[in-house]
Amino acid sequence: MKEYMDKTRSAGERARLLLAEMSLDEKMAQINCIFPFDQGAYDFEQMKKQTKYGIGEVSTLEMRRIKSLDEAAAWQRRVQKIVMENSEHHIPAVFHMEGLCGAFIQDSTSFPAGIGRGAGFDPDLEEQIAEIVSRQETACGITHILAPVLDVARDPRMGRYGEPYGEDATLVAAMGSAYTKGAQKNTVDQRKADSVAKHFVAFHNSQGGIHGTHSETPSRLLEEVFAKPFQAAITSAELKGVMPCYCSINGEDVSASHNMLTKLLRDTMGFDGMCISDYGAVGNAHSVHHIGETFEEAGLMCLQAGMDVEMPSSTGYNDKLKEMFRKGEADENVLDTAVLRVLEGKFRMGLFENPFAMKGTELHSTVVKSSDREVSLKSARESMVLLKNDGILPLTAEPKKIAVIGPHAAYARKMFGGYTHMCMMESTYAIANSIAGVSGVVQADASEIVTVPGTNIQSDETEIFDQILKQQKPRCRSLYEELQVRFPKCEIQYAYGYPVAGEDQSRFDEALHLVEQADVVILTLGGKHGTCSMASMGEGIDSTNINLPKCQDAFMEKAAEFGKPMIGVHFDGRPISSDTADEKLNAILEAWSPSETGAEAVVDVLSGKYNPGGKLPVTVAYSAGQLPIYYNHPYGSSWDQSGSIGFANYVDLSHRPRYYFGYGLSYTQFAYSDLKISADAAAPDETISISCRIENTGSCEGDEVVQLYLNDPYASLTRPVKELAGFKRVHLLPGESRQIVFEVKPDQMAFLDLDMRWKIEKCAYRVEIGNSSEDIRLMGTYHIKENAWVSAQERHFWAGVSIN
């Protein structure tokens with residue numbers, strides 16, 4: 001037995017032993033990836049040529065097309081066999097797949113979009129979701145889970161706004177660390193998955209809200225806010241994979257930046273895992289950002305920066321770069337460093353022990369568990385945010401006639417957001433591609449394309465897309481179907497009414513006729529959160545308009561003339577923002593992109609079976625003209641601008657938002673009392689306990705998200721007006737009360753001083769506890785006695801919490 005096959009040795013030691021035996025050809029193969037695409041996914045002879053010396057990674061995007069779990073697993077086994085037979089040392093490949101909303105595999109479970117899960121404020125549930133995704137993918141031989149999304153989202157114009165957990169770095173850190181723990185927790189058939197967090201770093205701070213453009217992010221903002229979730233996942237969850245973003249920062253393409261990928265990520269933040277490129281990012285360094293005279297020169301810069309693997313295929317890490325190493329024109333030690341990390345990762349994952357997907361009944365029993373759908377349903381329920389309610393909800397007394405209007409109500413596919421299996425399969429019929437790094441997606445015949453009237457958005461309301469739903473999710477009902485099942489005594493009628501975008505009013509009349517006859521009207525509102533040309537937002541699908549389509553506002557204006565109670569249910573990857581909805585609707589429910597159990601979750605809320613407890617994980621602007629707008633802005637900014645500088649508002653709009661971060665209504669009421677702070681003053685290394693009592697004073701059970709905010713009123717640098725320091729979602733029966741105890745470490749409020757050192761500053765902290773960033777119920781103070789400094793890795797990132 002070769003020494004590197006000795007399982008008693010560490011992964012790092014085994015990697016070093018194997019590296020010493022490898023040729024240059026085999027080393028180069030380990031930093032490359034193959035992308036079996038479309039019909040090429042079954043061109044095994046071509047794969048043999050592409051993996052002549054083995055391969056580092058294999059893309060599994062095309063598993064989205066495979067119609068059975070058994071076939072998907074068999075495909076992995078066959079490709080892995082080819083790779084290992086071609087490798088002189090039989091080195092297995094890492095197979096990777098997206099994991100944000102579940103696997104792209106038949107019979108897997110789909111979950112709500114990241115922004116919806118952020119609205120749930122439930123890290124424990126997030127860890128469960130990640131465990132399911134990891135189990136299902138690892139069973140199929142996939143051990144790089146491309147999630148969580150640790151971006152901090154501050155610009156709803158960006159099409160990928162629905163992927164992150166929200167605008168607050170503490171919330172993203174807590175949720176993302178929970179996902180990382182869940183994904184990397186279990187061993188399945190001797191394999192363990194590595195979580196690959198993305199998109200490092202400040203990706204959502206791109207200029208103009210445009211996908212992948214220059215990110216104007218100064219160092220302090222970058223490290224304090226945008227890098228915080230990554231640091232948290234590294235420190236608290238031992239994150240083993242990172243995917244850099246497409247942006248350039250400070251003139252440096254992040255994928256080719258030694259400052260970002262080595263000095264910051266590895267040296268400062270302590271990351272010791274594998275860094276893999278976003279699709280096409282290494283090639284983009286040359287072709288988009290114009291770095292390097294040739295692709296191979298740009299590739300060498302990426303490799304030197306700390307990028308271990310180029311995906312999805314060889315552009316910069318090409319044969320010409322290999323010849324540069326062979327001729328001594330480039331230092332082979334740079335290559336060895338990357339290969340060592342790749343090999344260590346493969347040993348860590350257990351791929352040398354069992355590189356193949358499971359099969360038969362063992363495969364099915366591992367992937368398919370009835371409890372997984374219940375977790376998705378719980379997440380969908382927790383994601384629901386009640387934004388307005390004049391008392392119409394819940395619908396406890398069944399009305400005689402309910403009119404259901406809007407395209408989302410009849411087409412369940414519109415409840416699935418970006419990076420779900422559903423939308424990725426839909427994209428195979430797109431007339432135009434928007435997925436970065438993927439070419440050749442287009443399959444549809446342009447002459448057969450139907451667009452949303454007055455727009456260039458491809459309609460998904462055709463039979464071919466219905467077949468995708470029937471294949472993937474045969475149990476998934478539309479909202480219209482779910483209402484019929486749940487309100488059997490009601491006469492429920494449906495009309496399309498209006499599209500997901502544009503100004504078309506041609507189908508208003510039928511819908512308005514139903515409104516006139518109804519006792520209650522349910523309007524589904526919003527766009528199509530997905531991908532490629534049939535979506536109104538998603539990867540590469542950005543917008544200057546963050547409000548509802550004009551056709552939907554126009555319909556509400558006309559429908560309101562009948563004086564009927566109207567409930568709006570909003571589906572999309574950005575929150576609803578509409579003056580008309582605020583004025584004309586009796587209730588507004590933000591449902592985001594709730595996925596396969598979305599209809600059930602929505603009707604649970606409408607009927608009162610479930611009391612909504614979700615809170616907004618973002619601040620909602622009235623208009624794109626207010627952007628950026630976020631609650632934890634610095635003193636003297638946004639709606640806290642000083643009157644000595646200018647007017648308190650725009651000449652045409654308030655500085656304040658439509659809805660505040662942390663906001664969300666309930667069918668019950670909660671009272672806050674009994675604030676206790678364990679000490680008036682503490683040393684910088686002491687823990688402060690902050691507690692309060694919360695009581696359900698209403699008539700029904702429900703969830704409240706108790707939110708703890710801290711701020712330093714006067715500091716040595718301009719600091720945020722407040723920062724989320726901890727939170728806890730708690731379920732209470734009517735009349736029940738519980739004590740919530742937060743354990744605050746002073747270093748979680750550390751910031752970068754003038755010398756860019758992490759400083760715990762001597763100060764008087766203001767404590768605020770409430771049910772939103774603006775609705776503060778309890779206030780107090782405590783002092784930090786003296787200054788102290790910590791390393792980036794030593795910090796804490798959110799308060800520990802217990803319920804008594």
Side-chain angles (χ1 to χ4, degrees), residues 121-124 168-178 224-225 228-229 231-233 235-237 615 631-632 661-662 672-694 704-717 719-730 738-753 758-773 776-804:
F121 281 78
D122 193 343
D124 292 338
D168 181 81
T170 298
L171 174 62
V172 177
M175 296 291 287
S177 295
E224 288 184 354
V225 175
K228 178 178 178 178
Q231 182 69 77
T235 300
S236 65
K615 303 288 187 177
Y631 87 92
N632 52 349
F661 175 88
Y672 288 70
S673 64
D674 200 20
L675 174 66
K676 294 180 181 177
I677 302 173
S678 61
D680 293 331
D685 60 350
E686 292 180 332
T687 300
I688 296 288
S689 293
I690 302 172
S691 65
C692 70
R693 182 159 293 278
I694 180 171
E704 175 69 319
V705 178
V706 182
Q707 301 161 46
L708 168 67
Y709 296 90
L710 297 176
N711 85 296
D712 181 357
Y714 296 94
S716 57
L717 291 172
R719 301 300 300 148
V721 294
K722 65 180 66 178
E723 296 179 81
L724 183 68
F727 58 89
K728 183 62 178 179
R729 186 170 183 131
V730 57
R738 302 292 295 274
Q739 184 187 45
I740 312 299
V741 183
F742 294 102
E743 302 290 340
V744 178
K745 303 285 189 180
D747 60 30
Q748 74 179 74
M749 297 299 290
F751 61 90
L752 290 166
D753 66 10
W758 288 100
K759 181 182 183 181
I760 306 169
E761 188 157 275
K762 177 182 178 181
C763 66
Y765 276 116
R766 184 164 61 206
V767 175
E768 299 181 350
I769 295 179
N771 73 347
S772 82
S773 59
I776 301 302
R777 307 293 182 84
L778 303 170
M779 296 182 67
T781 60
Y782 70 90
H783 294 74
I784 298 298
K785 297 177 183 178
E786 58 188 2
N787 296 328
W789 286 263
V790 295
S791 74
Q793 301 172 43
E794 292 174 326
R795 293 178 294 147
H796 294 79
F797 304 96
W798 60 86
V801 61
S802 60
I803 303 176
N804 299 324

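What you see below is based on every heavy atom in this structure, not just the backbone, and it leaves out hydrogens, waters and symmetry mates.
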*Looking only at heavy atoms, which two atoms of S791 and W758 are closest? And how far apart?*
C-CD1, 4.1 Å
*Go through the structure and list residues passing side chain to side chain donor-acceptor pair (under 3.5 Å) with E761, not counting sequence neighbours.*
S716, K759
*Distance-only, no hydrogens or angles: does the E704 side chain make a donor-acceptor pair with backbone N or O of I694 under 3.5 Å?*
no
_Residue pair A174 / P123: nearest heavy atoms and the distance that separates them_ = O-CB, 4.0 Å
*How close do V790 and R795 get, heavy atom to heavy atom, and via which atoms?*
CG2-CG, 3.8 Å
*asked:* Could you measure the distance from the CD atom of Q748 to the NZ atom of K228? Nearest 0.5 Å is fine.
replied: 7.0 Å
*With sequence neighbours left out, write down each residue that passes salt bridge (Lys or Arg N to Asp or Glu O under 4.0 Å) with D674, or none if nothing qualifies.*
K676
*How long is the span from the NZ atom in K745 to the CD1 atom in I688, to the nearest 0.5 Å?*
10.5 Å
*May I ask you to test the W798-S177 pair for a side-chain heavy-atom distance under 4.5 Å?*
yes
*E743: what forms a side chain to side chain donor-acceptor pair (under 3.5 Å) with it, not counting sequence neighbours?*
S689
*Taking only residues two or more places apart in sequence or in another chain, which ones pass side chain to side chain contact (heavy atoms under 4.5 Å, CB included) with T781?*
none
*Measure the shortest side-chain to side-chain distance between Y672 and N771 over non-hydrogen atoms and say whether it is less than 4.5 angstrom.*
yes
*asked:* According to side chain to side chain contact (heavy atoms under 4.5 Å, CB included), who are the partners of P746, at least two apart in sequence or on a separate chain?
replied: I760, I784
*asked:* My understanding is that only residues two or more places apart in sequence, or in another chain, count here; which of them pass side chain to side chain donor-acceptor pair (under 3.5 Å) with Y631?
replied: D168
*Less than 4.5 Å apart, any side-chain heavy atom of V706 and any of F727?*
no
*Tell me, please, which residues at least two apart from E768 pass salt bridge (Lys or Arg N to Asp or Glu O under 4.0 Å).*
K722, R766
*Would you give the length of the straight line joining atom CG of L752 to atom CH2 of W789, rounded to the nearest 0.5 angstrom?*
13.0 Å
_Partners meeting ring-ring contact (aromatic ring centres under 6.0 Å, His included) with F742 (sequence neighbours left out)_ = none
_Enclosure of D685 CG (heavy-atom neighbours >12, cutoff 6.0 Å)_ = yes
*Is any side-chain heavy atom of I740 less than 4.5 Å from a side-chain heavy atom of L708?*
no
_According to side chain to side chain contact (heavy atoms under 4.5 Å, CB included), who are the partners of R719, at least two apart in sequence or on a separate chain?_
E224, A715, E723, F751
_Residues forming a salt bridge (Lys or Arg N to Asp or Glu O under 4.0 Å) with D753, sequence neighbours excluded_ = R757
_Q739: partners by side chain to side chain contact (heavy atoms under 4.5 Å, CB included), with sequence neighbours left out_ = S691, R693, V741, N804
*Going by heavy atoms in the side chains, are Y782 and V744 under 4.5 Å from each other?*
yes
*Supply the atom-to-atom distance C692 SG to L778 CG, rounded to the nearest 0.5 angstrom.*
6.0 Å
_Approximate separation, where rounding is to 0.5 Å, of R777 CZ and L675 CG_ = 14.0 Å
_Counting C-beta onward and ignoring hydrogens, is there a side-chain heavy-atom pair between M749 and D712 closer than 4.5 Å?_
no
*Report the residues that fulfil side chain to side chain donor-acceptor pair (under 3.5 Å) with S772, sequence neighbours left out, ordered by chain and then residue number.*
none
_Taking every non-hydrogen atom, the tightest pair across T170 and L724_ = OG1-O, 3.0 Å
*Determine, stepwise, if the pair K728 / I803 fulfils side chain to side chain contact (heavy atoms under 4.5 Å, CB included).*
CA-CA 9 Å; K728 183 62 178 179; I803 303 176; 3.5 Å; yes
